[in-house]
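Okay, structure first, notes after.
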Amino acid sequence: MSFELSAATQEFLNREHKQFINGQWVDSAGTDRIDVINPATEEVLTSVPAGTKADVDNAVIAANRAFKGDWAALTSHQRAKVLLKFADLIDANIQTLAELEVLDNGQPLMIAQYTVSGFAADFIRYYAGWTNKIEGTTIPVSPAEAAPGESLSFTRREPIGVVGAIIPWNAPIAMAALKLGPSLAAGCTIVLKPAELAPLTAMKLCDIAKEAGIPDGVINLVNGYGADVGQAISEHQDIQKVSFTGSTAVGQKIVEASMGNLKKVTLELGGKSPVVVFPDADMEKLIPGICRAVFFLQGQNCMAGTRLIIHKDIAEAVIEAVVGALAFWKVGNGFEPDSLMGPLISAQQRERVLAYIESGKAEGARLVTGGNAVDGPGYFVEPTIFADCKADMKIWQEEIFGPVLSVMTFDSDDLDEIAALANDSPYGLSGSVWTQDISRAHKMAYLIDSGQVSINCHAAVDPAIPFGGNKMSGWGREFGKEGLDPFLKTKATTVVF
Ligand code: TAP
């Protein structure tokens, strides 16, 4: 496989990577480094500092200064303008950012290009539009014994302060944009910790933000391990809010660590989303839809539709058609033009996924296709489908975060019974319903207990559509206007004339 990296990508890789604090790349207070591995080749691409609490302290000082200083001094129109420039420059750097994402995360180039432009840039642009629309309310009461017409009560929406953002490795640039967009639009400043397994595009975004004119200290990035840097952010007394995307287990640790100053916490956590299919589903939409729902990003996708709950009359035909469609889901290096599935992120993640596959076999599920690691360098795993699953199997209950679809059938018209199957999970992030019967579609969507339900598609995502989880899938919402609210606080003011 030969792919020539752009000069800008090569130049970025050749740099000595540091921490981005107060608008400058600076040395870490610690000396340890973390190798950044290409998951498709297992080669070391570069290394980043294993940051320390002292790095976080320095980043928070810079973020606090900018919060009260240069960032607060901009009008909302000026803030919008600089964010729009940031978005335009993300688009202008699409090739470098996409190449770095493929090298670092493994996803196919075409998907990386879409993520950079169709998601990250558009996400920043969407939130740039909110900067001058953050409004309070007037409240028609007469408090403090004022006569009617002789007082005014109103609210202001103010930025919450310095935000700590902790992100995972599965869609790195998308996750960084997800945190930067609403926090900066609200007027907050940020200390961002990328995942140690995929930090490169978040670092490149810091260069781009500086070029766009975002003042020094508004965006700070501290590389390092979650247990050190992530923990220091979660505990920090001068961070007012943590916005986290990652596993449920780490989300719980962050809640504990945040208690010292009762900082506000938003959590986007795991999922095990149901794909509920009725016999009248449109097969032309359904078959590619199931493949995308589960195999997009190699299944390392919190929204992945990994539990297929399908009427027994069509189950075998649909499974056969999905297996046929996998001919298009070629597994390979993300730079190969026809790859649709790259490697998993790490050897550890591959072992974890393979262990789930073994447990599926041991617990008696029927392996329909896949089930193996792919020979050669790289952490590739075949797209895998298990039929005849039972509700108590690990592959049915637990989030695998890999390319594994588990199938269970139903033989009933009782929507409550089908919904009980769909809701039999500690998670509640996404889900989809496939039918051409509009009443059944809406009733079923209503019954599914998750933050997002799609009808005749899976995981419809747009910057304007609120996204987040019920149950163990999280706290709060991101995206859309609701995604801005956690970065704002309300001040109620009353004046008596
Ligand atoms: P995690 O292990 O939870 O890691 C996420 C981030 O948290 C990483 O930056 C990690 O640092 C950091 N971290 C680890 N320990 C920490 C601690 N004690 N305190 C603070 N931060 C800590 O998740 P992952 O393996 O990267 O990602 C997979 C999980 O994320 C899946 O469960 C998936 O469902 C979920 N996810 C959810 C969503 C949404 S939107 N709901 C989106 C993507 C992924 P290091 O890894 O650098 O050590």
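Residue numbers count from 1 along this sequence.
Checked by atom type and distance alone, the side chain of Lys193 never pairs as donor or acceptor with a backbone atom of Ile166 at under 3.5 Å. Counting only distance, with no hydrogens or angles, the side chain of Asp55 and the backbone of Ile21 share no donor-acceptor pair below 3.5 Å. For the pair Ser473 (side chain) and Leu269 (backbone), a donor-acceptor distance under 3.5 Å is absent. Thr384 places no side-chain N or O within donor-acceptor distance of the main-chain N or O of Gly370, the cut-off being under 3.5 Å. Within the 3.5 Å criterion, the main-chain N or O of Glu11 finds no donor-acceptor partner in the side chain of Asn14. Panel note: side chain Gln19, backbone Asn223; a donor-acceptor pair is recorded below 3.5 Å. In this structure, Glu101 contributes its side chain and Ile111 its backbone to no donor-acceptor pair below 3.5 Å. Of the possible polar contacts, none joining the His458 side chain to the Cys291 backbone as a donor-acceptor pair under 3.5 Å is found. Under the 3.5 Å distance criterion, the side-chain polar atoms of Lys253 are left unmatched by any main-chain donor or acceptor of Ser234. Under a 3.5 Å cut-off, the side chain of Arg307 and the backbone N or O of Lys272 do form a donor-acceptor pair.
Atom OG in Ser258 sits 10.0 Å away from atom NZ in Lys241 (nearest 0.5 Å). Annotation: the span from His442 atom NE2 to Thr435 atom OG1 amounts to 11.0 Å, rounded to 0.5 Å. Atoms SG and CD, from Cys302 and Glu399 in turn, are 7.5 Å apart once rounded to the nearest 0.5 Å. Expressed to the nearest 0.5 Å, how far CD1 of Ile239 lies from CG of Asn261 amounts to 8.5 Å. One finds the CG atom of Leu267 at 6.0 Å from the CH2 atom of Trp475 (value rounded to the nearest 0.5 Å). Atom-to-atom distance recorded for Ser346:OG and Leu197:CG is 5.5 Å, nearest 0.5 angstrom.
Val222 has its side chain out of reach of Ile233: every pair of non-hydrogen atoms, C-beta onward, lies at least 4.5 Å apart. Annotation: side chain of Phe296 is not in contact with side chain of Leu340 (no heavy-atom distance under 4.5 Å). Side-chain contact between Val275 and Ile310 is absent, with no heavy-atom pair separated by less than 4.5 Å. Proximity of Phe278 to Val433: side-chain heavy atoms (C-beta onward) are separated by under 4.5 Å at one or more points. Using a 4.5 Å heavy-atom threshold, the side chains of Phe335 and Leu5 count as touching. Counting heavy atoms from C-beta outward, Leu103 and Val36 have side chains that stay 4.5 Å or more apart. Contact check for Val374 versus Glu382: side-chain heavy atoms found under the 4.5 Å cut-off. Put simply, the side chain of Arg477 does not reach to within 4.5 Å of the side chain of Gln452, judged on heavy atoms.
Only one option out of Leu484, Ile219, Val163 pairs with Ser183 in a side-chain contact (heavy atoms from CB on, under 4.5 Å); it is Val163.
Around NZ of Lys133, the count of heavy atoms belonging to other residues, nucleotides or ligands within 6.0 Å exceeds 12. Crowding of Glu42 atom CD: a count of heavy atoms from other residues, nucleotides or ligands under 6.0 Å exceeding 12. With a 6.0 Å radius and a threshold of 12 heavy atoms from other residues, nucleotides or ligands, Lys443 has its NZ atom at or below the threshold. When the shell of 6.0 Å around NZ of Lys489 is examined, it contains more than 12 heavy atoms from other residues, nucleotides or ligands.
By the 4.0 Å N-to-carboxylate-O rule, Lys204 lies too far from Asp104 to be salt-bridged with it. Look at Arg65 and Asp216 and you find no salt bridge, because none of the NZ, NE, NH1 or NH2 atoms lies under 4.0 Å from a carboxylate O. With salt bridges taken as basic N to acidic carboxylate O contacts below 4.0 Å, one links Lys179 and Glu478.
Across Ile160 and Lys264, no two heavy atoms sit closer than the pair CD1-CG, 3.6 Å. For the pair Met203 and Lys18, the tightest heavy-atom approach, listed with the atom from each and the gap, is SD-O, 4.2 Å. Pro49 approaches His17 most closely through the heavy-atom pair CD-O, 3.4 Å. Nearest heavy atoms, Asn105 versus Asn170: ND2-O, 3.1 Å. Taking both residues in full, the closest heavy atoms of Thr201 and Leu97 are given as CG2-O, 3.3 Å, listed atom of the first, atom of the second, then distance. Between Glu158 and Arg156, the closest heavy-atom pair is OE2-NE, 3.3 Å.
Side-chain N/O atoms of Gln298 and Gln107 include no donor and acceptor closer than 3.5 Å. A donor-acceptor pair shorter than 3.5 Å can be found between the side chains of Glu99 and Ser6. Side-chain atoms of Ser243 and Thr266 include no donor-acceptor pair closer than 3.5 Å. Side chains of Asn470 and Asp449: a donor on one and an acceptor on the other come within 3.5 Å. No hydrogens or angles considered: a donor-acceptor pair under 3.5 Å links the side chains of Asp91 and Ser117.
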- Task: Apply side chain to side chain contact (heavy atoms under 4.5 Å, CB included) to the pair Asn456 and Asp282, showing each step before the final yes or no.
- Result: CA-CA 8 Å; Asn456 296 328; Asp282 175 346; 5.9 Å; no

- Message: Under the criterion salt bridge (charged side-chain N to carboxylate O under 4.0 Å, His left out), I'd like the reasoning laid out for Asp122 against Arg125: C-alpha separation, chi angles, the key distance, then a yes or no.
- Response: CA-CA 5 Å; Asp122 280 354; Arg125 214 168 266 127; 2.8 Å; yes

- Item | Phe467/Leu178 under side chain to side chain contact (heavy atoms under 4.5 Å, CB included): CA gap, chis, key distance, verdict | CA-CA 11 Å; Phe467 177 73; Leu178 205 59; over 6 Å; no

- Can you check side chain to side chain contact (heavy atoms under 4.5 Å, CB included) on Thr9 and Leu100, steps first, answer last? CA-CA 7 Å; Thr9 303; Leu100 290 173; 3.7 Å; yes

- Query: Could you go step by step and tell me if Glu211 and Lys85 meet the side chain to side chain contact (heavy atoms under 4.5 Å, CB included) rule?
  - Reply: CA-CA 9 Å; Glu211 190 186 340; Lys85 177 104 185 275; over 6 Å; no

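The aromatic rings of Trp25 and Phe20 sit tilted relative to each other, their planes meeting at an angle between 30° and 60°. Using a 30° and 60° split on the angle between ring planes, Phe479 and Phe119 fall in the perpendicular class, above 60°.
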